[in-house]
Amino acid sequence: MSIAISALTPPDAPLLVLGIESSCDETGVALYDRRGGLLAHEIFTQIEMHRVYGGVVPELASRDHVRRVLPLTRAVLASAGRQLSELDGIAYTAGPGLIGALLVGAGVAQALAFGLDIPAVGVHHMEAHLLAPMLEPDPPDFPFLALLVSGGHTMLVDVEGLGRYRVLGESLDDAAGEAFDKTAKLLGLGYPGGPAVEALAAHGNPSRFRFPRPMTDRPGLDFSFSGLKTFTATTARQHAADPAAAADIARAFSDAVVDTFVIKCRRALKQTGRRTLLVAGGVSANRALRLALGELGEEMKVAVRYPALAFCTDNGAMVAYAGCLRLAAGVRNGPSFSVRPRWSLEDLAPPGAG
Ligand code: KG4
Ligand code: ZN
C-alpha cells in the first residue's frame with residue numbers, strides 16, 4: 001500500500017494544511033499542500049534561552065511559544081504566497097510533550113480554525129516524527145519497522161499503516177537523546193548535547209575505552225541508557241586530569257549507543273521480517289548512527305530511510321504532513337480540545353476506526 005496522500009483521498013480535492021509544533025523548545029510552523037508538497041516551513045529554537053539552565057525550563061518554553069507562533073505563521077504564509085483564508089485545515093501537536101507548551105500551539109490552532117471555519121486536528125508528536133521520512137522524494141511504502149530516537153523517547157515500532165503501530169521495545173529509563181544530553185553535560189559540552197557529543201566523538205580514540213551495550217545480552221527489544229550514563233560519569237571522574245580523555249569518552253559512549261541500536265534493529269528486523277527501516281527523531285541526525293545502520297541495511301538487504309536533517313529534530317513540517325494525512329481521511333477535532341503530556345503511540349487508531 002502506498003503512503004502517498006493521493007492514495008487516501010481524491011488527488012484533485014484541495015487540502016492546504018498549516019502545521020504547528022510546540023511540544024518542547026522549538027516552535028515550528030509549516031504549510032503543506034497535498035498536491036504541491038511542503039510549501040514553506042519556519043522554525044524558532046529556544047536553545048539559547050534554555051542553555052544557561054542546562055536544559056528546558058517548561059514555563060519559559062510556553063511563554064516563548066506565545067511570542068513566536070503567530071509571527072512564524074505569517075512568515076510561512078508570506079513565503080508560500082498564500083493567505084490564511086486559503087487554508088483548508090490546521091494541525092497541531094497535541095502530545096506527548098510539556099503541557100503548557102502544547103497548550104499554546106493547540107490554543108492558537110483551535111482559535112484560528114474556529115475563526116476560519118475550517119477543521120483542526122491534534123497530532124501525536126511521535127507519529128509526526130515517524131512519518132517525517134515521507135516528506136522526502138520517493139517516500140517508502142507501509143509496512144515498515146521504525147526506530148524512533150528523540151530527546152523524550154526511544155522505541156522500535158512495527159508500522160502496518162497510518163495509526164497502526166505496535167511498540168516492540170522502548171527505553172525503560174532515559175531516552176537516547178537524553179543520554180546524549182547528560183553525557184554532554186558531564187563532559188562540560190553544554191546543551192543540547194547530541195551534536196556536541198557527535199562532534200567531539202569524531203576526534204576520539206575508539207579503542208581506549210569500551211562501554212557496555214545495555215540490555216543486548218538478553219532477549220527482547222527494550223533499551224536502557226541510565227547505566228551507560230553512570231559508566232560515563234565514573235570514567236570521566238577517573239580521567240578528569242587528562243584533557244584528551246573527553247573525546248575518547250564521547251567516542252566510547254557514542255559507539256556503545258550506536259552498537260546497541262544496530263543489535264536491536266537487527267533483532268527487530270529478523271523478528272518482523274520487514275524490508276524497510278525508518279529512523280526518525282533528533283538522534284537520527286547522528287552521522288555515526290546513520291553509517292552503522294546503513295551497513296546493517298546492506299548486510300540484511302533492508303532499505304534504511306531518514307528524514308532530511310532539518311526534519312530529524314522537532315519541526316512544523318512533520319506536523320503539517322501527519323495532520324494532512326489525517327484530515328484527508330476525515331479526522332477532525334470538535335470545538336473542545338485537550339492536550340496529552342503522556343500519550344502512547346499504541347493508543348492511536350487508523351483514521352475511520354472510531
Ligand atoms: O526529536 P527532538 O528534536 O525532540 C524531542 O522530541 O525530544 O530530539 C532532540 C534530541 C536531543 O536530545 C538532542 O541532543 C538529540 O535529539 N540530537 C542528537 C543529534 N542531534 C540532536 N543526538 C545525537 N546526535 C545528533 N547529531
Ligand atoms: Zn520530537
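Counting starts at 1 for both ligands and their atoms, in listed order.
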Q. So, Cys24 and the Zn ion (ligand 2): N/O/S under 2.8 Å, yes or no?
A. no
(Q) Testing the 3.5 Å rule here: is there a donor-acceptor pair between the side chains of Asp173 and Ser224? (A) yes
(Q) Ignoring hydrogens and geometry beyond distance, is a side-chain donor-acceptor pair present between Asp314 and His125 at under 3.5 Å? (A) yes
Could you tell me, for ligand 1, which of its N or O atoms are under 3.5 Å from any protein N or O, listing the pairs and their distances rounded to 0.1 Å?
| from | atom 1 | to | atom 2 | distance (Å) |
| --- | --- | --- | --- | --- |
| ligand 1 | 1 (O) | His129 | NE2 | 3.1 |
| ligand 1 | 1 (O) | Gly282 | N | 3.0 |
| ligand 1 | 1 (O) | Asp314 | OD1 | 3.3 |
| ligand 1 | 3 (O) | Asp314 | N | 3.0 |
| ligand 1 | 3 (O) | Asp314 | OD1 | 3.3 |
| ligand 1 | 4 (O) | Asp314 | OD1 | 3.2 |
| ligand 1 | 4 (O) | Asp314 | OD2 | 3.3 |
| ligand 1 | 6 (O) | His125 | NE2 | 3.1 |
| ligand 1 | 6 (O) | Asp314 | OD1 | 3.2 |
| ligand 1 | 7 (O) | Gly151 | N | 2.7 |
| ligand 1 | 7 (O) | Gly152 | N | 3.2 |
| ligand 1 | 8 (O) | Gly151 | N | 3.4 |
| ligand 1 | 12 (O) | Gly177 | O | 3.1 |
| ligand 1 | 12 (O) | Asp181 | OD1 | 3.4 |
| ligand 1 | 12 (O) | Asp181 | OD2 | 2.8 |
| ligand 1 | 14 (O) | Asp181 | OD1 | 2.7 |
| ligand 1 | 14 (O) | Gly194 | N | 2.9 |
| ligand 1 | 20 (N) | Gly282 | O | 3.4 |
| ligand 1 | 24 (N) | Asn286 | ND2 | 3.0 |
| ligand 1 | 26 (N) | Glu198 | OE1 | 2.7 |

Q) Closest N/O/S atom of Asp314 to the Zn ion (ligand 2), by atom name? A) OD1
**Q.** Asn205-Ser207 side chain donor-acceptor pair, cut-off 3.5 Å
**A.** yes
Q.
I'd like to know if the side chain of Ser254 reaches the main chain of Ala250, judged simply by a donor and an acceptor atom lying under 3.5 Å from each other, with no hydrogens or angles considered.
A. no
Q: Evaluate side chain to side chain contact (heavy atoms under 4.5 Å, CB included) for Leu77 paired with Leu84, printing each intermediate quantity in order.
A: CA-CA 7 Å; Leu77 288 166; Leu84 260 187; 3.8 Å; yes
Q.
Any side-chain to backbone donor/acceptor pair from Arg290 onto Ser284? Under 3.5 Å, distance only.
A. yes
Q. Given Ile249 and Leu186, is the side chain to side chain contact (heavy atoms under 4.5 Å, CB included) satisfied, shown in steps?
A. CA-CA 10 Å; Ile249 292 170; Leu186 281 168; over 6 Å; no
Q. Under 2.8 Å from the Zn ion (ligand 2), is there an N/O/S atom belonging to His153?
A. no
